[in-house]
Amino acid sequence: MTLQECYAALGGDYEDAKGRLRSDRLVQKFVLKFLADGSFDLLCQSLEAGNYEEAFRASHTIKGMCQNLGFTQLQESSTQLTEALRDGWTPEAAPLVEQVKADYQKTAEAIRAFESSLEA
């Protein structure tokens with residue numbers, strides 16, 4: 001799998017990321033580091049604990065990373081969740097949480113497939 005194929009699989013914009021980071025090497029470096037960031041786990045834990053202020057911060061961090069990396073699909077859903085959590089929990093947040101989880105899973109699967117192709 002190429003880096004461009006990885007971006008297609010995760011619903012991202014490779015050209016945007018390359019324009020921002022200026023080289024394939026840097027895009028690849030930060031794509032591979034994405035899963036090591038604990039923001040998604042923090043988001044899930046914070047939501048489970050009812051700590052919506054921390055959940056807001058975690059979703060905001062995910063949104064920013066996705067924006068910088070051109071992970072369009074996850075960036076859009078995390079942006080919506082961030083706004084829904086801005087003032088605490090709202091009923092509108094529940095389906096957005098599920099969408100972020102689905103988009104994160106899709107992103108993670110694409111990155112893991114890309115990483116596996118590098119090791120082969």
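Every heavy atom of this structure was used, including side-chain atoms; hydrogens, water molecules and symmetry mates were not.
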- Message: Holding to side chain to side chain contact (heavy atoms under 4.5 Å, CB included), I want the full list of residues that pass it with E109, two or more places apart in sequence or in another chain.
- Response: Q105
- Please round to the nearest 0.5 Å and tell me the distance separating atom CG of L74 and atom CZ of F40. 8.5 Å
- Nearest heavy-atom neighbours spanning E5 and T2: OE1-N, 2.7 Å
- Sequence neighbours excluded, the answer for side-chain hydrogen bond (donor to acceptor under 3.5 Å, both in side chains) partners of D37 is S39
- Message: Tell me every residue that passes side-chain hydrogen bond (donor to acceptor under 3.5 Å, both in side chains) with S117, counting only those two or more places apart in sequence or in another chain.
- Response: none
- Query: Got a sec, which pairs hit ring pair (Phe, Tyr, Trp, His ring centres under 6.0 Å) with one end in residues 80-102, sequence neighbours left out?
  - Reply: Y52-W89
- Residues forming a side chain to side chain contact (heavy atoms under 4.5 Å, CB included) with E15, sequence neighbours excluded: D13
- Item | Pairs involving residues 110-120, ordered by first then second residue, that meet salt bridge (charged side-chain N to carboxylate O under 4.0 Å, His left out) (sequence neighbours left out) | none
- Task: Scan residues 74-85 for pairs that pass salt bridge (charged side-chain N to carboxylate O under 4.0 Å, His left out), counting only residues two or more places apart or in two chains.
- Result: E83-R86
- Query: What pairs meet the side chain to side chain donor-acceptor pair (under 3.5 Å) rule with one or both residues in residues 94-103, with sequence neighbours excluded?
  - Reply: Q73-D103, S77-D103, Q99-D103
- Message: E53: which residues meet the side chain to side chain contact (heavy atoms under 4.5 Å, CB included) condition with it, sequence neighbours left out?
- Response: N51, R57
- Query: For D87, does the CG atom have more than 12 heavy-atom neighbours from other residues, nucleotides or ligands under 6.0 Å away?
  - Reply: no
- Message: Show the nearest heavy-atom pair for residues L118 and Q28, with the distance to one decimal.
- Response: CD1-NE2, 3.6 Å
- Task: Could you tell me which residues satisfy side-chain hydrogen bond (donor to acceptor under 3.5 Å, both in side chains) with S46, sequence neighbours excluded, listed by chain and number?
- Result: none
- Heavy-atom closest pair (L47 atom, A55 atom, distance to 0.1 Å) is CD2-CB, 3.7 Å
- Note on the structure: Residue set satisfying ring-ring contact (aromatic ring centres under 6.0 Å, His included) with F34, at least two apart, ordered chain then number -> F71, Y104
- Task: Could you grab the distance from atom CD1 of I62 to atom CG of L81, nearest 0.5 Å is fine?
- Result: 8.0 Å
- Note on the structure: dist L10:CG -> F114:CZ (nearest 0.5 Å) comes out at 10.5 Å
- Closest non-hydrogen atoms of A110 and M1, given as atom of the first, atom of the second and distance, are O-SD, 3.7 Å
- Task: State, to 0.1 Å, how close S59 and L85 come at their nearest heavy-atom pair, and which atoms those are.
- Result: OG-CD1, 4.1 Å
- Gap between atom OG1 of T79 and atom CD of Q75 - 0.5 Å precision: 4.0 Å
- Residue set satisfying side chain to side chain contact (heavy atoms under 4.5 Å, CB included) with L21, at least two apart, ordered chain then number -> L26, V27, F30, L69
- Heavy-atom pair of closest approach, residues D16 and G70: OD2-CA, 3.8 Å
